[in-house]
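In what follows, chains are A, B, ... by sequence order, proteins preceding strands, each numbered from 1. Remember, predicted model here, so these are calculated numbers, not experimental data.
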There are 2 protein chains.
Amino acid sequence: MTRIVEPEAGPRSKRAAILSAAVDCFGEAGFEATKWSTVAERVGIGQTALYHYFESKTHCLLTIMRLELERSHDRFVEATKDVEDPVEALRAAVRAAYDVSPHEVLQMRILQNHMDLLSGTRRSKREEAERVAARQLVQVVERDWTNLLVKGMSQGAFPLRDAQLLGGSVLGLIVSVWRWYRPSGPTPLSEISELIEGACVRMVAS
Amino acid sequence: MTRIVEPEAGPRSKRAAILSAAVDCFGEAGFEATKWSTVAERVGIGQTALYHYFESKTHCLLTIMRLELERSHDRFVEATKDVEDPVEALRAAVRAAYDVSPHEVLQMRILQNHMDLLSGTRRSKREEAERVAARQLVQVVERDWTNLLVKGMSQGAFPLRDAQLLGGSVLGLIVSVWRWYRPSGPTPLSEISELIEGACVRMVAS
DNA sequence: AACTGAATTGAACTTAACTCAGGTTGATCT
DNA sequence: AGATCAACCTGAGTTAAGTTCAATTCAGTT
């Protein structure tokens, strides 16, 4: 459990700008489809300067994924922290999951599209560190959801079922949206949020 | 709607062997992580021979995805064709979705992990043909599920809801399993199948 | 002004996908 | 059997994109 220390930003560091540009590129065109050099162009630096901040294109991707996972976890905790009623907590958690900016939508998309990266180990040190951190955060987020279900089951608000499996399924249902959702598409996020909220409650509580 | 004609197998064609080896490699190590030349080795031919059968590594991937989508659709139709009761049809469809061989698990995993490829257009003719065919099949499969729901709603077996959105969600829930399921893992597929079957019924019918 | 470390760069290197020009194999026909 | 033709295969070379490296600039400090 080695925590990753965010490199403190020197005053003229372009790290944040690179991450932001990378999210835009990777999220819209896809990771493989975007040239690493294009990200550099957008930020306004030469491609080699990227390596001052990230060990590789993949290292940047893994960093984006970890940050998004941290964000998801934080939001979950924030949204459910003082809601006692299990059903209401579940509803709040789902709503929080869809209460996101367009930029965050891209981050979720990137995360979902590259989950498979978290399986195999990486060659380089820093990449592997990010991978392991992200993998752990996936488990943390899964635990967030299963704990919510366990609590509800023990209180008698939810029927008893395999909380681990059901929690993972609820999470899978919620994030599956990010594979197809587009802010420009026909379905507003609010509508999706409501439908999924209802679906989750029925899945878990009936 | 131009259908793809499967190249008829000459007696010494290695196409099937290549597809099979590619499914193993792409499914276990991941598409990006496996070298195209490794697939050639497994089949027992030089790397350049691959290009006799596929225009590119990606063309092979897209073909695998299309074939898997065709299989999924066929299984759905087969499983539901003479079940009138909507709830039973839904149950049958879910069970069929998880009634798969280990090789098919890999194909599902590959499909899920590279759905994003179907968004952007491809440079070369044959790749683009496969992509378009796959994209269409995604819609066909989505329609399979929404139709099932529409039928159930009109018969009064399911409460009225946005069938398109709900159908997509059910499908999303079902396929989300392939991102983490491993035949060697602790949870048998039968158990997953049962839990998801129940969850889907509750989502849709209550 | 000299010093320091962060930030940046152009040129060279590496790897893996891909192309090409030609060679081999084997089924089929006369 | 021998000729033929298409399917099948290969070694050598090309290309594109990620990456490395040695050298340079820049901003703030002593």
Side-chain angles (χ1 to χ4, degrees), chain A residues 5-22 25-26 29-64 110 114 117 120 122-131, chain B residues 5-22 25-26 29-64 110 114 117 120 122-131:
Chain A
V5 286
E6 222 64 48
E8 72 244 61
R12 59 190 171 125
S13 168
K14 300 234 169 67
R15 190 172 183 270
I18 292 170
L19 281 169
S20 174
C25 292
F26 297 170
F31 175 71
E32 305 299 338
T34 73
K35 289 185 236 179
W36 200 203
S37 60
T38 306
V39 176
E41 265 176 45
R42 284 229 195 166
V43 177
I45 55 178
Q47 12 182 353
T48 35
L50 293 170
Y51 293 91
H52 181 67
Y53 301 97
F54 297 101
E55 216 169 10
S56 66
K57 191 185 171 192
T58 304
H59 178 222
C60 177
L61 173 63
L62 286 165
T63 304
I64 291 171
I110 294 167
H114 298 94
L117 257 187
R122 302 257 104 209
R123 284 295 193 22
S124 79
K125 264 286 166 58
R126 294 167 71 198
E127 268 184 27
E128 178 64 4
E130 288 286 4
R131 186 191 73 86
Chain B
V5 287
E6 222 63 48
E8 72 246 61
R12 61 194 169 118
S13 169
K14 300 235 170 69
R15 201 181 116 97
I18 293 170
L19 281 169
S20 175
C25 293
F26 296 169
F31 175 71
E32 305 299 337
T34 73
K35 289 186 237 182
W36 200 205
S37 60
T38 307
V39 176
E41 264 175 46
R42 286 230 193 163
V43 176
I45 56 180
Q47 6 182 350
T48 36
L50 293 171
Y51 293 91
H52 182 70
Y53 301 97
F54 297 101
E55 216 170 12
S56 66
K57 192 185 170 192
T58 304
H59 179 221
C60 178
L61 172 63
L62 286 165
T63 304
I64 291 170
I110 294 168
H114 297 94
L117 257 188
R122 301 257 103 209
R123 283 298 192 24
S124 79
K125 265 285 167 58
R126 293 167 72 197
E127 268 184 29
E128 178 64 5
E130 288 287 4
R131 186 191 71 87

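For A:K14 and C:dA6, the shortest distance from a side-chain N or O to OP1 or OP2 is not below 4.0 Å. Phosphate proximity of C:dT8 to A:H52: absent, as no side-chain N or O sits under 4.0 Å from OP1 or OP2. Taking 4.0 angstrom as the limit, B:Y53 places a side-chain polar atom (N or O) nearer than this to OP1 or OP2 of D:dC9.
Each of B:Q47 and A:E32 was matched to the nucleotide of DNA chain D holding its nearest heavy atom; the match closer to the 5' end belongs to B:Q47.
On a pure distance criterion of 3.5 Å, a polar donor-acceptor pair joins the side chain of B:R12 and the base of D:dA7.
The side chain of B:W36 approaches C:dA17 more closely than any other nucleotide in the set D:dT10, D:dA17, C:dA17. Side chain of B:T48, nearest nucleotide from C:dT19, C:dA7, D:dT19: C:dT19.
Atoms NZ (B:K57) and P (C:dA16) sit 10 Å apart, rounded to a whole Å. Atom NZ of A:K125 and atom P of D:dT19 are 19 Å apart (whole Å). Here the P atom of nucleotide D:dC9 and the CZ atom of B:F54 are 13 Å apart, to the nearest Å. Rounded to an integer number of Å, the gap from A:R123 CZ to C:dT14 P is 16 Å. Look at CD1 on B:I45: it is 13 Å from C1' on D:dA7, rounded to the nearest Å. A straight line from NE2 of B:H59 to C1' of C:dC18 spans 15 Å, rounded to a whole angstrom. A:L50 has its CG atom 13 Å from the P atom of C:dG10, to the nearest Å. Note: CD (B:E41) to P (D:dT10) measures 12 Å, nearest angstrom.
Within 4.0 Å of A:T38, counting heavy atoms only, lies no atom of the nucleic acid at all. Looking at heavy-atom distances under 4.0 Å, B:Y51 makes contact with a base.
Within the 3.5 Å criterion, the main-chain N or O of B:G44 finds no donor-acceptor partner in the side chain of B:K14. Side-chain atoms of A:R42 do not come within 3.5 Å of backbone N or O of A:A17 as any donor-acceptor pair. When atom types are taken as modelled, the side chain of A:S20 and the backbone of A:A16 share no donor-acceptor pair closer than 3.5 angstrom.
Contact check for A:K57 versus A:L50: no side-chain heavy atoms found under the 4.5 Å cut-off.
A side-chain contact (heavy atoms from CB on, under 4.5 Å) with B:E130 is found for exactly one of B:I64, B:L117, B:L62, namely B:L62.
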